[in-house]
Asks: 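Sending over a structure as structure tokens; questions will come in a sec.
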Amino acid sequence: MSDHDVLPLLDQTSAAVSDAIRRARPELAEADPVVRRSEHADFQANAALALAKRASIKPADLAAELVAALDSDYLEAVEVSGPGFLNIKLPDRVVWGQVAARLADSRLGVASPQSGCRTVVDYSAPNIAKEMHVGHLRTTIIGDSLVRVLGFLGAEVIRQNHLGDWGTQFGMLIQYLDEHPETAWHHDELAGDTSTVSALDTLYREARAKFDNDTGFADRARARVVALQGGDPETLAKWKDIVAESEFAFREIYDRLGVQLTAEDSVGESFYNPMLADTIAELEDTGIVVESDDALVIYSQEVTGPDDQPVPLMLRKRDGGFGYDTTDLATIRYRIRDVKADRMLYVVDSRQALHFRLIFEAARRAGWLTDEVEATHVPFGTVLGPDGKPFKTRAGGTVRLTDLLDDAVARARAIVAEKNPGFSADLLDQIAEQAGIGAVKYADLSNSRVKDYTFDVDRMVAFVGDTGVYLQYAHARIRSILRKAGDTDARIDPTPPLEPAERTLALELDAYGAVLTDVGVTLEPHKLCGYLFGLARAFTGFYEACPVIQAEEPTRSNRLALCRLTANTLSHGLDVLGIAAPERM
Ligand code: ARG
């Protein structure tokens, strides 16, 4: 937990300008001082331009009034530029003091603005008895990063893996397995790298083919669906076995990805079965349910389809069955009522936007979803192949997540080996895994969330450019500088004047908390990626301009402190992205 929050210099400067506004023009006391980072000074305040009209005075004159009223102790120099911008420079000792304060704080000075917000994050949600494929990559990686960021910002995060673990397909699969007892599919009976889900995937396809061609089997499979839904113990036991084995396979991928989802977070569709009838009854009581062609539906009041008719949400199908819509209605009701969520995030493909819009609308009309609770679909774009179409294997099949990760790790290994011929095979394996997985995750996170992006392994694992490997390497290089310097946790002396490159780096470091806070609100991890990339470049600029190890004291210690704070910020930032930060690379 925080020792104490360190107020960012931008916020301190804003407060100083606000004070000046209050002193000079009490009637404008509440106005935004509009303070930003600036290329010409440390910060720029645009308050005079923004407020001149309200004060019926020329911007330049208001600017002069504000300069006169500014606390000269905190600020080094204030200049009016252009039509009335205030260019503000902070004293060097204030900047050094800020570096020291952040370095001394276990949270790097970052506040906890999400404190106490109970936040449900629905992510990953693969389907039982099916292989995890490239389509599950983004939800799993983005969701996990949001879980980490929000948790760090103080939210009480509740992870929910809404597994697709229920449906008529399981009746058919169970019947088929029963009729082919000799077929191996449990993980401990399978050879090599065949996983349970890949075996089940194949078996399901066989079952499907048999269902279509063999009426006897089709009848027996239908009877199995009824048995499953009716809770027949033997059928249920088989189903549970399939779920457990599938989860075992998912866990291998989660472990490899370093994703925080655990068995306790698995709250699949089947969990809501017992609540479906009640949910529907309650919706019927509110009068928003309509019977149409023997089915029960809720017609949207907000969205119409291509035929200009209101779009329906399917509560109960004509055959009496419940589907995805019904389950999500029961789910949102449960998350509001029983989990008592303040905020619910659904990290799901943007192609499901309409589904969530309808679910949220219905939940609002039912009175479950009120203004006190936030429900947000966190959509993301598609992973594309080199041809610009949704990513497929060369043969046109879906890309298995395992294969994609293996490929990235193999390429990362070659690149790391080339750079470090002295690494032992073990060390190389370990670092290649961290670099390869990190590369895939970073490529996914650093692309604007809602946009599609092209999966290009060679670019992802490169040591240059905006890649995970570049950031990991930047971090490892700073750790190596610190090792060489015999880093002694030296104290900062606030008296030496700051070099421009030191100043740029220090101010960049100071923006970390604001970036995290922004990600907590916008739910866009790519902003954190962009920040870390910029930070690594600011460090390069600093290191090129300012010798560290050869410098005289106290400059040497001060620069080592900047190195340490940069390394700590990079490794922390990578950690909340869910990416490892190796000490050497
Ligand atoms: N299993 C679903 C799919 O693969 C995703 C579930 C997302 N979560 C939800 N509450 N609907 O498309």
Side-chain angles (χ1 to χ4, degrees), residues 119-144 146-147 157-170 173 197 200-201 204 239 242-243 246-247 249-251 253-254 257 259 261 265-273 275-276 279 298 313-315 322-339 341 343-364 366 368-369 373-383 390-391 398-401 449-450 523:
T119 307
V120 168
V121 185
D122 179 323
Y123 70 112
S124 196
N127 298 319
I128 293 299
K130 287 220 179 103
E131 196 122 42
M132 277 181 88
H133 56 79
V134 62
H136 297 108
L137 187 69
R138 301 208 76 188
T139 170
T140 306
I141 291 176
I142 296 169
D144 205 59
L146 293 178
V147 162
V157 176
I158 299 164
R159 298 176 298 254
Q160 295 282 284
N161 196 352
H162 194 81
L163 296 167
D165 63 356
W166 196 250
T168 50
Q169 70 272 28
F170 296 113
L173 179 60
V197 277
L200 285 174
D201 219 331
Y204 176 71
W239 168 76
I242 293 173
V243 172
S246 300
E247 284 209 65
F250 298 153
R251 189 134 326 278
I253 294 209
Y254 291 155
L257 283 173
V259 159
L261 283 169
D265 306 324
S266 290
V267 186
E269 293 177 6
S270 64
F271 175 80
Y272 301 98
N273 272 344
M275 306 172 203
L276 297 182
T279 303
I298 297 175
L313 206 52
M314 183 61 68
L315 245 56
F322 306 124
Y324 191 59
D325 292 353
T326 328
T327 307
D328 257 325
L329 284 166
T331 304
I332 195 167
R333 174 173 171 264
Y334 176 80
R335 286 177 183 169
I336 295 170
R337 224 179 253 182
D338 299 86
V339 181
R343 194 179 194 198
M344 296 174 294
L345 307 177
Y346 293 78
V347 187
V348 186
D349 196 306
S350 54
R351 283 170 287 200
Q352 293 195 32
L354 177 61
H355 169 74
F356 287 110
R357 188 161 171 202
L358 297 175
I359 294 288
F360 298 163
E361 185 198 332
R364 227 170 268 123
W368 305 331
L369 183 57
V373 183
E374 176 193 335
T376 303
H377 174 213
V378 184
F380 50 82
T382 306
V383 182
F391 197 21
T398 44
V399 180
R400 302 193 314 160
L401 219 41
R449 173 165 55 69
V450 293
L523 309 169

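Ligands are counted one by one from 1 in listed order, and the atoms in each one are counted from 1 as well.
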Asks: Taking atom OG1 of Thr326 and atom OH of Tyr272, what is their separation to the nearest 0.5 Å?
Replies: 14.0 Å
Asks: Taking ring pair (Phe, Tyr, Trp, His ring centres under 6.0 Å) as the definition, give me every residue that meets it alongside Tyr254, ordered by chain and number, with sequence neighbours left out.
Replies: none
Asks: Can you name the residues that form a ring pair (Phe, Tyr, Trp, His ring centres under 6.0 Å) with Tyr346, not counting sequence neighbours?
Replies: Phe356, Phe360
Asks: Check whether any side-chain heavy atom of Asn161 sits under 4.5 Å from a side-chain heavy atom of Tyr123, and report yes or no.
Replies: no
Asks: Any salt bridge between Asp122 and Arg335, counting N to O under 4.0 Å?
Replies: yes
Asks: I'd like to check the ring pair (Phe, Tyr, Trp, His ring centres under 6.0 Å) partners of Tyr204; sequence neighbours left out, ordered by chain and number.
Replies: none
Asks: Would you please write out the protein residues whose heavy atoms approach any atom of ligand 1 to under 4.0 angstrom, listed by chain and number?
Replies: Asp122, Ala125, Asn127, His162, Tyr324, Asp328, Tyr346, Val348, Gln352, Phe356
